[in-house]
Amino acid sequence: MRRVAVKVAYSGSDFSGSQIQPEKVTVEGEILSNLLRIGNGKGEEWFDLKGSSRTDAGVNATGNVFVFNTDLDDYELLSALNAVSENVFYKGIATVDDSFNPRHALYREYRYLVPKFGIDVDRMKECASLFQGKHDFIRFCKFDGKPTEIEMEHISVDEKNEYVEITFRSRFFLWNLIRRLSAAMIAVGKGRYDLDHVRRALDGENLTFGLARADALTLTDVVYPDLEFDMIDTEPLKRKVRETKFTELLRQEFLESL
């Protein structure tokens, strides 16, 4: 038996969040179900499944990390998991010590996408610069009793063809933080608020800019010191990707016909 960290991807539209919840379809619930299916009778306790980063309902991931026990080799494990999984894509793997805590990451990176139509990207960039560094984000999160001061290590705003891409990087994030920061940048970019409103909220004034949509947010990576993942392109994974791409192509063809 050994302990492994596995990189996974999923579309948030398929789940009611990442953490197990009673009578709801969740990422952790599907991963545990997959492990039980390939586990030859092993129970939940044997796998000791742990997650790195919580994602809310609707939020996507291309690089979340889950840790569990296994007695299979890397290719066999990822092949088996991808073969039985419906909506989780198992991408990479690394062997870790028993003491490894997936919550203790070097940093996490998220991407938020915004339609470019009708928005001033330069104003968004100015707003983003206000969030760089250490701040008390009490007005930009859903308070759950935890400390609200964090350091935003990196935040950038980049124009793409039809959308604006906002990248966030920090060791950890507060509940709803990225969606509220994104909502503030969108509001400033559309002229609904100015930069002074954002400064006042950062100073603690009771101002809110709303909550941006969940499906535009993706957890793109979780990085650990001295840990590299072996990205394995198994046949079941390639087959799932092809099938998913074709489904999306059919939807795109329908939309383009309207």
**OP:** Please determine, by modelled atom types, if Gln21 and Ser16 share a side-chain donor-acceptor pair under 3.5 angstrom.
**Re:** no
**OP:** Spell out, yes or no, whether Ile150 and Val198 are grouped together once hydrophobic residues are joined by side-chain heavy atoms under 4.5 Å, including indirect joins.
**Re:** yes
Subject >> Side-chain donor or acceptor of Asp230 paired with backbone N/O of Gly92 under 3.5 Å >> reply: no
Original post:
If you take all heavy atoms of Asp71 and Trp46, which pair is closest and at what distance?
Top reply: N-CH2, 3.8 Å
Original post:
How about Asn64 and Tyr10: does a side-chain donor come under 3.5 Å of a side-chain acceptor?
Top reply: yes
Original post:
Are Glu151 and Lys134 ion-paired here, with the side-chain N under 4.0 Å from a carboxylate O?
Top reply: no
**OP:** For Glu126, check salt bridge (Lys or Arg N to Asp or Glu O under 4.0 Å) against everything at least two apart and list the hits.
**Re:** none
Original post:
Is there a path of hydrophobic side-chain contacts, each under 4.5 Å between heavy atoms of I, L, V, M, F, W or Y residues, that connects Trp175 with Leu219?
Top reply: no
Original post:
Is a donor on one side and an acceptor on the other found under 3.5 Å between the side chain of Glu30 and the backbone of Asn87?
Top reply: yes
Original post:
Are Tyr112 and Phe117 linked, directly or through other ILVMFWY residues, by side chains that come within less than 4.5 angstrom of each other?
Top reply: no
Original post:
What do you reckon, is CD of Glu162 surrounded by more than 12 foreign heavy atoms closer than 6.0 Å?
Top reply: no
Original post:
What distance separates Leu237 CG from Asn82 CG, expressed to the nearest 0.5 Å?
Top reply: 4.5 Å
Subject >> Donor-acceptor pair between Gln252 and Glu256 side chains, under 3.5 angstrom >> reply: yes
**OP:** Look up atom CG in Leu195 and atom CG in Leu130, then write down how far apart they are to the nearest 0.5 Å.
**Re:** 5.5 Å
**OP:** Keeping the roles fixed (side chain from Ser33, backbone from Gly29), state whether a donor-acceptor pair exists under 3.5 Å.
**Re:** no
**OP:** Please tell me if the side chains of Leu202 and Phe131 come closer than 4.5 Å, counting only heavy atoms from C-beta onward.
**Re:** yes
Subject >> Carboxylate-amine/guanidinium proximity below 4.0 Å for Glu159 and Lys116 >> reply: yes
Original post:
Between Arg251 and Leu255, is any pair of side-chain heavy atoms under 4.5 Å apart?
Top reply: yes
Original post:
What are the two closest non-hydrogen atoms of Gly12 and Asn60, and how far apart are they?
Top reply: N-OD1, 2.8 Å
Original post:
For Gly118 and Lys190, which heavy atoms make the closest approach, and how far apart are they?
Top reply: O-CG, 3.8 Å
Subject >> NZ/NE/NH1/NH2 to OD/OE distance under 4.0 Å, Arg200 and Asp196 >> reply: yes
Original post:
Can you check whether Gly51's main-chain N or O pairs, donor with acceptor, with Glu28's side chain at less than 3.5 Å?
Top reply: no
**OP:** Answer yes if Met1 and Val4 sit in the same cluster of Ile, Leu, Val, Met, Phe, Trp and Tyr residues linked by side chain heavy atoms under 4.5 Å apart, and no otherwise.
**Re:** yes
Original post:
Quick one: does Thr167's side chain get under 4.5 Å of Glu165's, heavy atoms only?
Top reply: yes
Subject >> Salt-bridge criterion met for Asp233 and Lys91 (N-O under 4.0 Å) >> reply: no
Original post:
CG/Leu217 to CG/Leu113 distance, rounded to the nearest 0.5 angstrom?
Top reply: 9.0 Å
Subject >> Euclidean distance, Asp136 CG relative to Cys141 SG, rounded to 0.5 Å >> reply: 8.0 Å
Subject >> Asp144 side-chain N/O to Lys146 backbone N/O, donor-acceptor pair under 3.5 Å >> reply: yes
Original post:
Between the side chain of Ser18 and the main-chain N/O of Thr55, is any donor-acceptor distance below 3.5 Å?
Top reply: yes
Original post:
Is the closest side-chain heavy-atom distance between Val65 and Ser53 below 4.5 Å?
Top reply: no
Original post:
What ring pair (Phe, Tyr, Trp, His ring centres under 6.0 Å) pairs are there with at least one residue in residues 221-240, not counting sequence neighbours?
Top reply: Phe100-Tyr224
Original post:
Does a side-chain heavy-atom distance below 4.5 Å link Arg3 with Thr95?
Top reply: no
Original post:
Any donor and acceptor pair, going by atom type alone, linking the side chain of Arg179 with main-chain N or O of Ala212 inside 3.5 Å?
Top reply: yes
**OP:** Check whether any side-chain N or O of Arg123 sits under 3.5 Å from a backbone N or O of Val188 as a donor-acceptor pair, and report yes or no.
**Re:** yes
Original post:
Please, which pairs that meet ring pair (Phe, Tyr, Trp, His ring centres under 6.0 Å) have at least one residue in residues 176-219, sequence neighbours excluded?
Top reply: Phe140-Phe209, Tyr193-His197, Tyr193-Phe209
Original post:
Would you say the side chains of Asp221 and Tyr110 form a donor-acceptor pair under 3.5 Å?
Top reply: no
**OP:** Please say whether more than 12 non-hydrogen atoms of neighbouring residues, nucleotides or ligands are located less than 6.0 Å from CD in Glu228.
**Re:** no
Original post:
Are the side chains of Glu153 and Tyr107 in touch, meaning some heavy atoms are under 4.5 Å apart?
Top reply: yes
Original post:
Would you say the side chain of Leu77 lies within less than 4.5 Å of the side chain of Ile38, judging by non-hydrogen atoms?
Top reply: yes
Subject >> Val27, Ile20, Thr26 screened by side-chain contact (heavy atoms from CB on, under 4.5 Å) with Leu32, the one that passes >> reply: Ile20
Original post:
Can you tell me if Lys240 uses its side chain to pair, donor with acceptor, with the backbone of Val88 under 3.5 Å?
Top reply: yes
Original post:
Just by modelled atom types, is the Asp203 backbone N or O under 3.5 Å from a matching donor or acceptor in the His135 side chain?
Top reply: no
Original post:
Between the side chains of Thr220 and Arg111, does any donor sit under 3.5 Å from an acceptor?
Top reply: no
Original post:
Same cluster or not: are Phe66 and Leu106 linked, directly or through other Ile, Leu, Val, Met, Phe, Trp or Tyr residues, by side-chain heavy atoms under 4.5 angstrom apart?
Top reply: no
Subject >> Atom CZ of Arg2: over 12 foreign heavy atoms under 6.0 Å >> reply: yes
Subject >> Test item: Val164 and Asp158 side chains (from C-beta on) under 4.5 Å apart, heavy atoms >> reply: no
Original post:
Charged N to carboxylate O below 4.0 Å: is that the case for Arg169 and Glu109?
Top reply: yes
Original post:
Could you give the distance from CG (Asp98) to CG (Asn69), rounded to the nearest 0.5 Å?
Top reply: 7.0 Å
**OP:** Decide, yes or no, whether a salt bridge links Lys142 with Asp56 under the criterion of side-chain N to carboxylate O below 4.0 Å.
**Re:** no
Original post:
At what distance, to the nearest 0.5 angstrom, does CG of Leu81 lie from OH of Tyr90?
Top reply: 5.0 Å
